[in-house]
Each structure stands twice: as C-alpha cells, then as structure tokens.
Amino acid sequence: MASIDEVIASIGAGADAVNEIQAQVEGSKAMTEETMGQLQALNVEGAAAAVGACKDQLEECSAMAAALHNKLTEAATAAQSAKQG
C-alpha cells in the first residue's frame, strides 16, 4: 500500500513532467511563430495561415498544461493536508 509521502512524490513528479511538456509546447510555438513570419515574408499566405492555426492549437495546449499543473498542485495540497491529519 502506498504511503501519503509516496502519493505526494508521485504528484510532484507529474507536475514536473507537465512543466517539461509545457516548455516543449512553448518552444514549438516559438518555432511556428518564426516560420509563420518567414512564410508571410515570402507571400505564402496559405501556408502561413495553416501554421497560424497550428500556433493557435499550441497555445491551447499550453493553457491546458497550465490548468493541469494547477490541478496537480491542488491535489498535492490536499495530500499534504491528509498527511497532517
């Protein structure tokens, strides 16, 4: 049977993983912004629009990751409360 400390550690590991994913998403978003700018400079508007849609999806992913991190923090707080009695 898992202890409360193990639960807290597991939640912390999950929160760290979510942070890493969010950082990767933000890196991808930066690349899409750069690519979109290059495509616009070349007057390749159709491709630029498609990359813009990709950027929008990445922004949504980032927001979801932030929300997930917040929920994991709430879960860790609840587990800490359970540990303290």
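Start at 1 with the first residue, then count along the sequence.
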Full working for side-chain contact (heavy atoms from CB on, under 4.5 Å) between M31 and E34: CA-CA 5 Å; M31 284 190 278; E34 181 181 336; 5.6 Å; no
Straight-line distance of I11 CD1 to D16 CG, nearest 0.5 Å: 12.0 Å
Check: H69 and Q22 side chains under 4.5 Å, non-hydrogen atoms: no
Under 3.5 Å: donor-acceptor pair, side chain of T35, backbone of T32: no
Over all atoms of both residues, closest heavy-atom pair of I8 and A79: CG1-CB, 3.6 Å
Side-chain (S10) to main-chain (E6) donor-acceptor, under 3.5 angstrom: no
Over all atoms of both residues, closest heavy-atom pair of S62 and E26: OG-OE2, 2.5 Å
Cluster link L68 to L58, ILVMFWY, side chain under 4.5 Å: no
Shortest non-hydrogen contact between G52 and M36, atoms and distance: CA-SD, 3.4 Å
Atom pair CD/NZ of E60 and K55 - distance to nearest 0.5 Å: 13.0 Å
Side-chain donor/acceptor of S28 to backbone N/O of Q24, under 3.5 Å: yes
From K29 atom NZ to E59 atom CD, the distance as rounded to the nearest 0.5 Å: 4.5 Å
